[in-house]
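For reference, the structure discussed in these notes is given below.
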There are 2 protein chains.
Amino acid sequence: MALSALFLDIFRANALLVAAGDQLVAPLGLTSARWQVLGTVAMAPAPQPVAHIARDMGLARQSVQRLVNELVEAGLVELRENPHHRRSKLVCLTDQGRQAVASIHKLQRPWVDGLATGLDSEKIAIAAEVLQTLRQRLAQSTDESSD
Amino acid sequence: MALSALFLDIFRANALLVAAGDQLVAPLGLTSARWQVLGTVAMAPAPQPVAHIARDMGLARQSVQRLVNELVEAGLVELRENPHHRRSKLVCLTDQGRQAVASIHKLQRPWVDGLATGLDSEKIAIAAEVLQTLRQRLAQSTDESSD
DNA sequence: ACCGATTTGACAGCATACTGTCAATTCAAC
DNA sequence: GTTGAATTGACAGTATGCTGTCAAATCGGT
């Protein structure tokens, strides 16, 4: 079954991507996971609480919780009072966090460009389509067992 | 950049696949990772030492080492003397291990078939091709930093 | 045969993701 | 308004993967 082989490709690609991401942002004192959280915070149109970010990223709430706590400790994000919920603070970038995001962008672009050269954008689109279909079915079968 | 979006798809597909795999083999007292190791051992034409299995799977030697140790403890594999290397034992399936592999196969087929229905096999091939290209480039840039 | 480089497993430690549980808080139904 | 359900963060524990280091064993060049 060709699909089973694709699964192995996904496993390895995932591992290599995380490792490469770690290397890429290591000079900034970041890791792949924290980079992703920071990016999600930066992309959001408005500050969000932790649980909201987790749903955005498709991760468990507590995984993001720990990463955010660590980013707070590192001074890259800060928690502001949420007028709509006393316990659920809003995650915001600090000045230092904004600088980090900017630095990441400068590193990220040539890296992605290098990986993309020679890759047919149409094929990339097809790959993304296959993965998304897969994700939908897996999310169904996994059901609401997340968090 | 479409490729960046594909990365996120890979991350999520990977997480969902591992979660689904865990659920699939949980009735057998296995996990996704142990299942993969067991499968690699079962597929090998001849018994291999741990380090060889790790290279087969594209994982770090020590990751596989721990999983194999746990599988030994669970009675699914056993370590036999290696005539070519005194310390490096050969990993072999036990009878219980062979039964587990057979049970897994019965579970796996309908699961994969269900995921595959309606997915164009040509698109699957393209997705695999894209991921493999990606993997090659990532492996290059990551260089020999593994293990 | 010897000596250095490599491979291998053992041990220890870290980063990430998951789960389960709990109390505080908010939300919704009535 | 009150009460039960859902959300949220804190805390604790597990599984997987990585790295680094060490000693034993093998391999290779001389």
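On a predicted model such as this, the values are computed, not experimentally measured, just so you know. Numbers restart at 1 for each chain; the letters A, B, ... are given by sequence-line order, proteins then strands.
- With hydrogens and angles ignored, no donor-acceptor pair closer than 3.5 Å exists between the side chain of A:Arg86 and the base of C:dA24.
- A straight line from CG of A:Asn82 to P of C:dC27 spans 9 Å, rounded to a whole angstrom.
- Residue-level contact check: B:Ser88 touches the backbone only, with heavy atoms under 4.0 Å from sugar-phosphate atoms and none from bases.
- Taking only side-chain nitrogens and oxygens, A:Asn69 never comes nearer than 4.0 Å to OP1 or OP2 of D:dG9.
- Taking atom CG of B:Leu17 as the reference point, atom C1' of C:dC18 lies 16 Å away to the nearest angstrom.
- Whole-Å rounding puts the A:Glu70 CD to C:dA17 P distance at 10 Å.
- Side-chain contact between B:Val130 and B:Leu6 is present, with heavy atoms from C-beta onward closer than 4.5 Å.
- Residue contacts for A:Asp22: at a heavy-atom cut-off of 4.0 Å it reaches no nucleic acid atom on any strand shown.
- Of all nucleotides listed (C:dG9, C:dA17, D:dG9), C:dG9 comes nearest to the side chain of B:Val50.
- When each of A:Ala15 and A:Ala51 is assigned the nucleotide of DNA chain D bearing its nearest heavy atom, the one mapping closer to the 5' terminus is A:Ala51.
- Contact check, A:Ser63 against C:dT16: no side-chain N or O comes under 4.0 Å of OP1 or OP2.
- The two residues B:Lys89 and B:Arg86 have their closest heavy-atom pair at CE-O, 3.5 Å.
- Residue contacts for B:Gln36: at a heavy-atom cut-off of 4.0 Å it reaches no nucleic acid atom on any strand shown.
- Looking at every heavy atom in both residues, B:Leu90 comes nearest to B:Glu81 through CD1-O, 4.1 Å.
- You'll find a donor-acceptor pair under 3.5 Å spanning the side chain of B:Gln62 and the base of C:dA10, going by distance alone.
- In this structure, the ring of A:Trp111 has its center less than 6.0 angstrom from the ring center of B:Phe7.
- Looking at heavy atoms from C-beta onward, B:Leu3 lies in side-chain contact with B:Leu134 at the 4.5 angstrom threshold.
- The base of C:dT25 has none of its N or O atoms less than 3.5 Å from a complementary donor or acceptor on the side chain of A:Arg87.
- Panel note: side chain B:Arg137, backbone A:Thr117; a donor-acceptor pair is recorded below 3.5 Å.
- Rounded to whole Å, the distance from CD on A:Gln48 to P on D:dT7 is 16 Å.
- Taking 4.0 angstrom as the limit, B:Arg55 places a side-chain polar atom (N or O) nearer than this to OP1 or OP2 of C:dT8.
- The CD-P distance, from B:Gln65 to D:dT19, rounds to 15 Å in whole Å.
- Between D:dA15 and B:Thr31, no contact under 4.0 Å exists linking OP1 or OP2 to a side-chain N or O.
- Separating the NE2 atom of B:His85 from the C1' atom of D:dA25 is a distance of 5 Å, rounded to the nearest angstrom.
- At the heavy-atom level, A:Val18 lies nowhere under 4.0 Å from the strands shown.
- Here the C1' atom of nucleotide C:dT25 and the CZ atom of A:Arg61 are 13 Å apart, to the nearest Å.
- Note: NZ (A:Lys89) to C1' (C:dT25) measures 13 Å, nearest angstrom.
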